[in-house]
Amino acid sequence: MTSTSLDAGVEETLLAPAAPTRLRAEHLREAMGITITRPRLSWKSPAETTAQTAYQITASNGWDTGRVQSAQHLLVPYAGPALQSRSRFEWRVRTWTTDASGTETLSPWSDAMPVELGLLRPSDWRAQWIGPEEPDVPAPGERPGYALEKTFTLDTVPAWARVYATAHGIYELFLNGQRVGDQQLTPGSTSYNTTLQVQAYDVTALLRPGANTLRAVLTDGWYRGTFGFTRDADMYGTHTALLAQLEIQLGDSRTVIGTDESWRVSPTEILSADLMAGQRVDFRKMAANGTAAAPAGDAVVRNGDYETLTGPVAPPTRIVEELAPVAITRLAGGRQVVDFGQNLHGWVRLSRLGAAGEKVTLVYGEALAADGDVTQDHLRPLDFSHPGQFLSAGQVDEVTASGAPGEVFEPRHTTHGFQYVSVRGLTADLAPEDITACLVQTDLEPLGTFTCSDERLNRLHEMVEWSFRDNACEVPTDCPQREKAGWTGDWQLFIPTAAYLFDVAGFSRKWLNDVRADQWENGVIANISPSPGPGITSTDFLAFVNGSAGWGDAMVMVPWELYLATGDTGILAENWDGMNRWMDFVRTTAESGRHPDREAPSPTPAPHEKYLWDTGFHWGEWMEPDGPEPDLFAARSADHGIVATAYYRNTTVLLARIAVVLGRGEEAAVLAELSEHVRQAWETEYLDAAGQVTQPSQANCVRALAFDLVGEEKRAGVTAQLVELVRAADTHVGTGFLATPYLLPVLADNGELDLAYELLMQDSEPSWLVMVDRGATTMWELWNGIDADGAPHQSLNHYSKGAVVSFLHRFTAGLRQAPGSAGYERIIIEPRPGAGLTSAATSHQGPHGLIEVEWTADDGGLRVSATVPAGTTAEVRLPGRPPAVVGPGKHHFDVASGGTAETPQLAESPQLVRNAP
């Protein structure tokens, strides 16, 4: 800061110009080992500025743009010297910006961001795929971990050293006994048949003169371990394998040490490791120096692909938080139950083990039984091969101590969903410092916040954040315990909420790569991605469930929401072909088939019927309160045309908008025409002469309004029908899986804001607040996840119902993106208080900077404060005054209790306030 004395003798403190911040390459904070040769660079303009007028990028490889007259600061393509394998540069940026008076200011240079490429070509690899020789492979869930290592000698410490590594399975690297990096579960969950991520590590500081040992620990992971609800195994292969290449720069020469048959393989302390079953460790299997007590053998060379190797697209998975116990209880039988006070995903680190040879068992769960011990009964999946029976819930770790001082058990080759851990077989009493819960998730940057005057709503918002964090591990999973699967339907429902709360651009982009890889030849989108494809799993008799409306539509809905959140048209372009293949499947299915229930009474189809999608399997409005029990085989023959056709309409609308964004005008016109035909067909088939939905349910009415399935003149009638259905349910939620995110916004946007708040504040089943009142720390899969008697049901950690908090952001606090905007260039500020709330606040770190809205209400009226970042305009809508448009800066508005708004009071960066057109 600098101090300037004014003529009047008053000293004013002025801030020195700020530098650009939040540098990114392809949405990544860390760009290590990427394989994009023209990465797009982004930054955030300095605070307290109105607009960027020019920028200059300079890089350590000689690239210098000079002054570029442009407001662009998002996704600027790299244009320096051609990037090759191992290329590295550090870039920084400075900007010319204007303030409210129009004065142009040159910023200081930003901090530098390093970007380093990995190995781009198969020919860059001298390493071979290797693995342990396994003449007899143990049963799934019981397979041990192996160590693969190589010792080499260096005369001096190099100036540069990198390891490039990946695996068929999960691997950890150690160099001279030190763990390499802090990433977990590498190489991650992926569609291994088409895409395999390679991690790059800077290991220069770990090398030493003399003997060095590079060691990898290899287990099954997603590649061949048991997985999902059905516990299928060997989905991508039957043998694990490692590919690692250490490159050392010594002067002008590069030494390469790659995996090959000279590497040695030995057993480890890991007796078994499985993502679902858990991990078993016996520390007696290791010698005092950390090597295997059993003799080592030679590695075997395996067949492995180099064409599928790619660098990271998403942030890495890490331990992002550690939790201490809130309670430790010793039960009568000697077991100790540890309560971490929060349902989470990951594992525990246990630093108090038993005496030598003593086995300690850890059973993880989300709930307690009547006896106070952990129960897993609600997490046991059905055994499809034995009707009426259940599979094991898994989630059990075991450790046998060697008695060595300082021994710590941390099962990094499995994961669990849990709040409680039952510690069995440990004689000593646990102290809080002896056991720590490790939250394992993809390291996503938080972007959004919310708080209000009602503590239960604050708690609800916190629960939703936790549920998403627990399910953001490599891919967006449905639950972190019994499935861990990347269900398409879950993510399309929640991504608008997730993208407000966290930076999910790279995370979702990586998942979309898997979705496209898993897409069938006929355009069908698999329910779960990553998945190995047809003909692989034991449940291929259920292959018919793929291609469902609302699930497959994620192929279009997710890229669109990412574009809205980031303004990145590249995400739309790289998914364009996949979107159209899905749409071709839907269109062909609709045009070529009729549901038998419609065909029997009328053999000749009506003209509109070719636009009805009423055949094939659809999950439908899954798990509606008081609806039919879910039945896959009944759903196979049911007529879900009212749901599927609604998604047909919505997806064609979105695809038409995407075509416009991508400059595909002719295709946009064709799609827009198709979407109108589908809308008219839905209205013809599912709306009666009185303007009522013919299959009355809250969900069907919500979709009619949310997807614009009915003409403007009929919206009031459908809204009234929805209100009647809500009241008939004693003002309770009656929507299932698909429609719940739209319920409150539809009511609010159609003149029923008070009813929306009544539903939000409902605290008996089914409702959101019943979860809060019954002590939930994450969202439940079922509305009665913990019933009135305290019994748990199914997963207690599903984020999908948590999409309701978007209502808190957009309506309660009053911040939303304007129609037609992307990347939050134009926003609307319109608080719509209700339910007796006296204050609310939200913030979102948008692509252009931090947006904040806060309001307080009392008898004197409403006071609203807002922060608008550079390059952004906001339309402010307040009661009793016409909309006004404001520019960047901090703004304050007062509205008298009678509804008359006073002139806006602007602070720090006053902007012209004008009436909105």
Side-chain angles (χ1 to χ4, degrees), residues 141-142 144-145 217 219 267-274 276-294 319 322-344 346-377 379 392-440 481:
E142 300 178 8
V217 175
T219 59
T268 69
E269 74 278 14
I270 300 176
L271 305 181
S272 66
D274 185 86
M276 308 304 292
Q279 183 168 331
R280 295 187 300 124
V281 165
D282 186 344
F283 282 119
R284 297 173 300 175
K285 301 293 183 181
M286 305 302 293
N289 62 0
T291 61
I319 297 172
E322 297 184 355
L323 284 75
V326 298
I328 301 175
T329 304
R330 172 78 77 168
L331 301 180
R335 297 174 177 179
Q336 299 180 71
V337 175
V338 183
D339 179 4
F340 290 99
Q342 175 62 54
N343 206 352
L344 73 151
W347 52 70
V348 297
R349 183 186 304 122
L350 183 64
S351 58
R352 178 181 288 273
L353 304 183
E358 188 174 331
K359 181 190 295 184
V360 176
T361 301
L362 307 174
V363 179
Y364 297 75
E366 300 181 303
L368 300 180
D371 64 358
D373 204 357
V374 168
T375 179
Q376 295 184 325
D377 290 347
L379 297 177
S392 167
Q395 299 214 129
V396 177
D397 295 334
E398 291 181 357
V399 55
T400 301
S402 71
E407 212 161 55
V408 176
F409 174 59
E410 184 172 353
R412 294 189 294 261
H413 290 251
T414 187
T415 67
H416 310 299
F418 66 100
Q419 176 176 336
Y420 306 95
V421 178
S422 178
V423 181
R424 304 172 181 180
L426 183 63
T427 304
D429 288 339
L430 282 171
E433 61 269 20
D434 296 331
I435 187 167
T436 301
C438 301
L439 172 61
V440 178
Q481 1 69 8

* **S422 side, atom OG; R335 side, atom CZ - distance, nearest 0.5 Å** => 5.5 Å

* Would R280 and S272 satisfy side-chain hydrogen bond (donor to acceptor under 3.5 Å, both in side chains), going step by step from the backbone distance to the final call? -> CA-CA 5 Å; R280 295 187 300 124; S272 66; 3.0 Å; yes

* Would you mind reporting whether K285 and T268 have side-chain heavy atoms less than 4.5 Å apart? => no

* How about L271 and P144: do any of their side-chain heavy atoms sit closer than 4.5 Å? -> no

* If you take all heavy atoms of P411 and Y364, which pair is closest and at what distance? -> CG-OH, 4.1 Å

* To do: Indicate yes or no: at least one non-hydrogen side-chain atom of F418 is less than 4.5 angstrom from one of V374.
  => no

* **Minimal non-hydrogen separation, D434 against R352, with atom names** => OD2-NE, 2.8 Å

* Closest heavy-atom contact between G354 and A401? -> O-CB, 3.3 Å

* **4.5 Å side-chain heavy-atom contact, V399 and E407** => no

* Structure fact -> Interatomic distance, CD@Q336 vs CG@L426, rounded to 0.5 Å, equals 5.5 Å

* Asked: Side chains of D339 and T329: closer than 4.5 Å at any heavy-atom pair?
  -> no

* L323 side, atom CG; T436 side, atom OG1 - distance, nearest 0.5 Å -> 9.0 Å

* Asked: Would you say the side chain of L331 lies within less than 4.5 Å of the side chain of V337, judging by non-hydrogen atoms?
  -> yes

* Measure the spacing between CD1 of I270 and NE2 of H413 and express it to the nearest 0.5 Å. => 4.5 Å

* Can you name the closest pair of heavy atoms from A428 and R330 and give their distance? -> O-NH2, 3.4 Å

* **Test item: L350 and L430 side chains (from C-beta on) under 4.5 Å apart, heavy atoms** => yes

* Criterion side chain to side chain contact (heavy atoms under 4.5 Å, CB included) against E366, the qualifying member of H416, Q376, Q481 -> Q481

* Asked: T219 versus R412: any side-chain heavy-atom pair under 4.5 Å?
  -> no

* Asked: Which heavy atom in S402 sits nearest to a heavy atom in A356, and how many Å separate them?
  -> O-CB, 3.4 Å

* Determine the sole option in T414, I319, V421 for which the side chain to side chain contact (heavy atoms under 4.5 Å, CB included) test with W347 is passed. => I319

* **Positive for side chain to side chain contact (heavy atoms under 4.5 Å, CB included) with F409, one of V360, I435, L362, T400** => L362

* Verify, without hydrogens or angle tests, whether D397 (side chain) and Q279 (backbone) share a donor-acceptor contact under 3.5 angstrom. => yes

* **Interatomic distance, T415 atom OG1 to M276 atom CE [nearest 0.5 angstrom]** => 8.0 Å

* Asked: What is the distance from atom CD of E322 to atom CG of L344, rounded to the nearest 0.5 Å?
  -> 11.0 Å

* **Minimum heavy-atom distance between G141 and A277, given as atom pair plus value** => O-CB, 4.3 Å

